[in-house]
Every structure is written in C-alpha cells, then in structure tokens.
Amino acid sequence: MLRKDNSRSYREFNDEGDSGDKRSPEYFDDAAEDLDREELNGSISQEDDIRGSSPSMRFSKACLKNVFTVVLIFIYLLLTAVAIFLAYQTINEFLEKYRNPVMSVIYKEVESFSPPGIALYPGKAQLLSCRHHFHDYIPPLVDPGKPQEGDCVIKDVTYFGPFSNLTQKRALVVRGPSDVRKKELIFMQFSHNETEEDFSAITYMLFAKFSDLNDSVNESVFMKDCEKNYSMWTFSGGFRTWVKMSLVKTAGRSEEAVEFRQESAVVKFNDKRPEAEQTNQLFFVVFEWRDPYVQEIKLIVTANPWSSVAILCGVFMALFKAANFAKLSVQWIIRMRKRHLRNKEREMNPITDS
C-alpha cells in the first residue's frame, strides 16, 4: 500500500512538473524516502507503546487475583477454625448432658396400692392392738392401755443388723393398707414402761411390698437388706402420730429404686386412766396413703446422639470442602506464578537474541 501511494504521489508530482513546476527527479525520491521513514517510525512507536503497556496490565490483573485468592483462603481458614470449635463444643455438650441426666417427674394415678410392709421395732414396748379402718374414721378408744382384738397380718422377724453383726433386732412387720379410694388406714396401740428411760419412742421402717417378705427365702436376710436400703423414722409416746405415705419410684440407669415419703401430724393424747395405770406410756400411730398418685422419677439423657452426629457430619463436610478449596487455590496460585514466569521469559528472549 505504501508503494502504490508513493507511485501515485510521484506521478502527481510529475504531472505538476510537466504543467509548469520543473524540479529534479532526485527531489521527489528524497521526499518519498522521508515519508516512508516517518510512517515506519510511527508504526514502530505504536507497537512499542502496546508492548510496553500490556505486561503491566497483565501483572495488575494477576496481582488482584492473587490478593483475592489469599483473602478467600483466609476466610476459609477462619471458617475452618469456627467449624473445629463447633465440633469441640458439640462433643463437649453431648458428654456433659450424658453425664448429667435430667430428672423427669410423672404422677401416675392408681386405684389401689400394693400393701406395703411396716416394720416396727418396739423394743420393750408391747403391741396392744392393730386394726383396719376406712374413711378416716377411728372409733373412740375403749380401755386404752389394755390388749384388744386386732385384724392385721403381722410377722415377727429376728435378724442381725446390717452394720453390726453383734446387734440382734426384733421387728414386727405389719401388712399395710392398700385401698386408697376408701381411705383405708391401720391404727396401732403400744404400751411401754416409761420409768426406765428418759425418752421413749418407737422406730419404724417402710418397704415397698409386704408380699416380698412372704416370697423371700430367708426373712432375716430380707429384713437386713431392707434396713440397709430404706430410711428409719420414729413416733413418740403420749401422742397419736398420723402418718400419710406416698410412694416414689426412681428409674436410674441400671435399676429402679422405690422409697416412701411421708407427712406426719401429731396430736396429744388426753390420758384419762387412773394414776396407777399411767406409769405405762401409750403410743398411737396411724398409717394411711396420702393420695392415689405414684410419683415416678426418671433420669432422661437430653443429649441426642443422632443430632450430634448430624452436626459433626456437617462440620466435617465443611472442613473437607475448605481443605479442598485451599488445595485448589494453592495449585492455582502456583500455576499462575509459573505462567507469569514463562511469559516473562518469552519477553526476555527477543531481547537476548537481538
């Protein structure tokens, strides 16, 4: 294209010269050479500008990409640290809840209770009477201090105490009330000579089922185990002690425990006997169920293993994805670095060849 334009301009100059401007041919050749030199110098300078500006632009883009990748890696490392903390916290909370179960209380209504065993330790006191009554009605006393007929089922058991084999104990085990709807109760009278002791009281113990005593192979061993596992209470002379029982069942991790809770009320006995008979102190005790509800206590582990496993799976998946992304990011940075060095080497080769 340059040669055609130069020839055309040369012809135009020749035409003009023919028309009247007479210049030498060497003048036109010099002008054409100057024009070719200027155009060539312009194209070379433009290529130099393009060549000089393009590496800096590529370097700035690569730098921005590297900075952005480093920021992403930092963010993922931060998220990985948070995920590890959450995994540790989840495992710690699960173990804490497993070691400390929550108590759940349920009140279960029943029509009647299994007759409990009432073990009394009268010592030197004498049982005068034991009778069943209903509807909280106890008839007036007739000849207090004298033996009377009774209708209770009583067993006399002798055994050695669980904490000292040298101490022999005698227990009167009475079959307790069962019909809670009719307010069945047991009323007992004891007599004891108060001149031998400063204080007088009778100890008693409650256990779950009277039938367990009948079904046991050795009644002495059974009573020994009951004294080891159940609590002991007392009632005093000169009063009527009204004991209202409630049953509590506690389901643990391995076995179920049964215990009694009680509310007691004490009323003073107005002794109307002759003074000669008042040397023997009288004891009165009433046993009755408080209400038709059995309190069931269960130990519940609130830690759900499946939810904990699901949380841990999500955390480990996040850790895996973060590690995979970090690996790919590092590989990408290495690849970009190699590409940058390779491009730089290519740019340096023409300079060394020249």
Side-chain angles (χ1 to χ4, degrees), residues 109-157 170-195 199-211 213-214 232-247 260-293:
E109 186 176 3
V110 296
E111 293 294 330
S112 62
F113 289 92
S114 297
I118 304 173
L120 299 111
Y121 300 88
K124 296 181 179 180
Q126 179 185 1
L127 178 62
L128 300 179
S129 66
C130 178
R131 296 188 62 86
H132 287 259
H133 300 283
F134 295 91
H135 304 292
D136 288 343
Y137 174 72
I138 299 176
L141 296 175
V142 179
D143 295 331
K146 295 181 180 179
Q148 298 177 9
E149 294 183 359
D151 56 1
C152 297
V153 179
I154 302 175
K155 281 194 171 185
D156 195 339
V157 183
R170 172 176 172 264
L172 296 178
V173 184
V174 180
R175 185 178 183 271
S178 61
D179 195 343
V180 65
R181 296 296 179 182
K182 294 182 180 179
K183 296 185 178 181
E184 180 185 4
L185 58 87
I186 290 178
F187 177 64
M188 287 181 282
Q189 299 183 55
F190 289 88
S191 175
H192 181 56
N193 188 357
E194 65 174 353
T195 58
F199 302 95
S200 56
I202 294 176
T203 304
Y204 67 94
M205 177 183 65
L206 303 173
F207 58 91
K209 295 180 181 179
F210 181 80
S211 58
L213 177 62
N214 293 330
M232 308 288 287
W233 291 282
T234 58
F235 59 93
S236 303
F239 299 92
R240 187 188 71 182
T241 304
W242 197 301
V243 178
K244 291 189 176 184
M245 306 173 293
S246 60
L247 191 62
F260 284 87
R261 294 179 183 175
Q262 62 175 15
E263 296 178 0
S264 59
V266 178
V267 180
K268 186 179 182 301
F269 169 61
N270 297 322
D271 195 350
K272 300 178 182 179
R273 296 175 298 166
E275 292 184 1
E277 298 178 2
Q278 292 183 6
T279 54
N280 292 334
Q281 191 172 17
L282 300 181
F283 298 78
F284 304 94
V285 62
V286 179
F287 290 96
E288 180 188 6
W289 289 105
R290 189 185 68 175
D291 49 43
Y293 296 99

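All residue numbers in this chain count up from 1 along the given sequence.
Across all their heavy atoms, P115 and G176 have their closest contact at CB-O, 3.5 Å. Heavy atoms only, all atoms of each residue included: W233 and F260 are closest at CH2-O, 3.7 Å. Across all their heavy atoms, H133 and P139 have their closest contact at CE1-CD, 3.4 Å. Between A201 and F283, the closest heavy-atom pair is CA-CE2, 3.9 Å. Nearest heavy-atom pair across D136 and L185 is CA-CD2, 3.6 Å. When every heavy atom of K268 is checked against every heavy atom of F239, the shortest pair comes out as CA-CD2, 3.6 Å.
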With side chain to side chain contact (heavy atoms under 4.5 Å, CB included) as the test, would you mind laying out the steps for I202 and Y204 before giving the verdict? CA-CA 7 Å; I202 294 176; Y204 67 94; 5.6 Å; no
Could you walk me through whether V174 and C130 pass side chain to side chain contact (heavy atoms under 4.5 Å, CB included), step by step? CA-CA 9 Å; V174 180; C130 178; 3.9 Å; yes
Could you walk me through whether M232 and Y121 pass side chain to side chain contact (heavy atoms under 4.5 Å, CB included), step by step? CA-CA 10 Å; M232 308 288 287; Y121 300 88; 3.4 Å; yes
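Contact of the M245 side chain with the P177 side chain is registered, since non-hydrogen atoms from C-beta on lie closer than 4.5 Å. For the pair L127/I154, a side-chain contact is recorded, criterion being any heavy-atom separation below 4.5 Å from C-beta on. Annotation: side chain of P144 is not in contact with side chain of K272 (no heavy-atom distance under 4.5 Å). Between P292 and V180 the shortest side-chain heavy-atom distance falls below 4.5 Å. With a 4.5 Å cut-off on side-chain heavy atoms, V173 and F207 count as touching.
Atom-to-atom distance recorded for N280:CG and H192:NE2 is 9.0 Å, nearest 0.5 angstrom. Rounding to the nearest 0.5 angstrom, the gap separating the NE2 atom in H132 from the OG atom in S178 is 8.5 Å. For the atom pair CG (L128) and CE (M188), the distance works out to 12.0 Å, reported to the nearest 0.5 Å. Annotation: the span from M205 atom CE to I118 atom CD1 amounts to 11.0 Å, rounded to 0.5 Å. Separation of atoms CG (L141) and CD (Q148) is listed at 7.5 Å; rounding is to 0.5 Å. Separating the CZ atom in R131 from the SG atom in C152 is a distance of 8.5 Å, to the nearest 0.5 Å.
Take D179 and apply the salt bridge (charged side-chain N to carboxylate O under 4.0 Å, His left out) test, not counting sequence neighbours, and it matches no residue. With sequence neighbours left out, S129 forms a side chain to side chain donor-acceptor pair (under 3.5 Å) with Q189. Residues satisfying the side chain to side chain donor-acceptor pair (under 3.5 Å) test with N214, not counting sequence neighbours, are K155. Shown here are the side-chain contact (heavy atoms from CB on, under 4.5 Å) partners of P122, two or more places apart in sequence or in another chain: A125, R170, L172, F190. With sequence neighbours left out, the salt bridge (charged side-chain N to carboxylate O under 4.0 Å, His left out) criterion links D143 to no other residue.
Counting heavy-atom neighbours within 6.0 Å of Y293 OH, excluding the residue itself, gives a total of 12 or less. The environment of E109 atom CD is dense: over 12 non-hydrogen atoms of other residues, nucleotides or ligands sit within 6.0 angstrom.
Sorted by first and then second residue, the side chain to side chain donor-acceptor pair (under 3.5 Å) pairs with a member in residues 282-292 read W242-E288, E263-R290; sequence neighbours excluded.
Of the candidates I186, I138, V243, I138 is the only one forming a side chain to side chain contact (heavy atoms under 4.5 Å, CB included) with V286.
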